[in-house]
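Some notes on the structure that comes next.
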Amino acid sequence: MNDPPERSNDAFETKAIHAGEEPDLGPGGTGDLVSPIHLSSTFAMDEAGDPSHGYKYSRLGNPTRAALERRVATLSDADHAMTFASGMAAISTTCLSVLDSGDHVVAFDGVYGGTKVFFDDYLAEHFDVSVEYVDATDADAVAAAVTPETTLFWMESPTNPLLKLCDIGAIAGIADRHDVLLAVDNTFATPYFQRPLSLGADVSVHSTTKYLNGHTDSIGGAVVTNDDALAERVRFVQEYALGATMPPFDCYLVLRGSKTLPLRMRQHEANAKRVAGYLSEHGNVTAVHYPGLDAHPQHELAARQMDGFGGVVSFEIAGGAAEARAFVESLDLFTLAVSLGSVESLIEHPASMSASYVPEEERLASGITDSLIRAPIGTENADDLIADLEQGLRHL
Ligand SMILES: *Cc1c(COP(=O)(O)O)cnc(C)c1O
């Protein structure tokens, strides 16, 4: 169990640098400003039983991981954080901690593709859990899908790659009325722009691979909650049953990356606003999806629910799949790659990359057209990014 959140009264920028990494100047402390990377798989005990330093075996607890978990909990205004070997490990461990066979899940139809694979090809297939996908941009659609077997709402906001939002507070109210647990994947917004627990969610998950680490050099995940019993259950399943803990070196990388989360998010957002504005005016662009645009259908909800609009922009260009592929391949500064949330700007064509495994009919029905392009905007200079897009669009 985590210690109480540290520095919880400080502003976000201060917590991002100091929470979880308070120098130890006590007896035996070394005063390190930066948390050491504790690689030991096991820990010497001063007596048979529970050692006084609290560590027995690295899967069950590791000092570097504990430092990161205090950081993530504090940034999320949460009492508890657990960190995982990947975002998918955080998601699957959470689900396997709270679901029983026969349960019913109501999920946003825009949830992350890996989450959908886990639900459909694993939970439904092997554990008799049924999952119903609804358009959660309408909270009433979530309420209408509830059955006596519903135990979990699985939401994400904004979604990937279409940047749709759901009203977390409204859905939390529905969850309370029906005694259903509300989980929110907060990867796109990050705790800097949105804190789902404060909006009423019971548990929130992250892929730390994305913005929390932010430097394209680590895979990881996190779960945060204020519910003591839920935290204990997730921690038990993680440490004793499934074992998908974040390795110490990755904990160090995320501790380091998270210090600049506020600075990076402000720059990602400023650049994304510039790029979204530029694309909106371009004759070869037929649609732009970015919650920060007045034209986004949920712009008002985004302004109310989030402290910033994030760094991912998606858009559709004139033409079809061939033109979209040629465009993403023609860019120079944007790297053609999946993933998001790092300092480098990336670009991808979902129909042939991140959503290529989705049957065409289903993909088109969900709004992922052949001409859709996703661009996670990095922290480079916005003029350089726009010049690169300009040369690509000119050649369409
Ligand atoms: C990437 C991502 C995940 C999965 O995280 P991994 O670290 O790749 O396992 C989950 N949810 C969202 C929204 C993501 O973008």
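In listed order, ligands and their atoms are each counted from 1.
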Regarding ligand 1, does [X] bring an N or O atom to under 3.5 Å of one of the ligand's N or O atoms?
X      : result
Gly87  : yes
Thr115 : no
Glu156 : no

Answer yes or no for [X]: is there a heavy-atom contact with ligand 1 below 4.0 Å?
X      : answer
Ile91  : yes
Ala89  : no
Asn160 : no

Short list, please: which atoms of ligand 1 are under 4.0 Å from a heavy atom of [X]?
X      : value
Thr209 : 7 (O)
Gly220 : 7 (O)
Ser86  : 7 (O), 9 (O)

If the plane angle is over 60° it's perpendicular, under 30° parallel, otherwise tilted; pick one for [X] and [Y].
X      : Y      : value
Tyr252 : Phe249 : tilted
His126 : Tyr122 : tilted
Phe309 : Tyr290 : perpendicular

Could you tell me the residue and atom name of the protein heavy atom closest to [atom], and the distance to it rounded to 0.1 Å?
atom                   : value
atom 2 (C) of ligand 1 : Lys210 NZ, 2.5 Å
atom 4 (C) of ligand 1 : Tyr112 CE2, 3.4 Å
atom 9 (O) of ligand 1 : Met88 N, 2.8 Å

Next item on the list: Please confirm whether Lys210 makes a cation-pi placement over Phe188, using NZ or CZ under 6.0 Å from the six-membered ring centre and within 45° of the ring normal.
Entry: no
Notebook entry, point to check: Out of Val338, Val205, Asp185, whose heavy atom sits nearest atom 11 (N) of ligand 1?
Noted result: Asp185
Note to self: Tell me which one of Arg65, Arg59, Lys56 satisfies salt bridge (Lys or Arg N to Asp or Glu O under 4.0 Å) with Glu239.
What the structure shows: Arg65
Taking the basic N atoms (NZ, or NE/NH1/NH2) and the acidic carboxylate oxygens, is any pair closer than 4.0 Å for [X] and [Y]?
X      : Y      : value
Lys259 : Glu21  : yes
Glu13  : Arg266 : yes
Glu69  : Arg235 : yes

Notebook entry, point to check: If you look only at pairs with a residue in residues 193-219, which of them pass as a ring pair (Phe, Tyr, Trp, His ring centres under 6.0 Å), with sequence neighbours excluded?
Noted result: Tyr211-His268
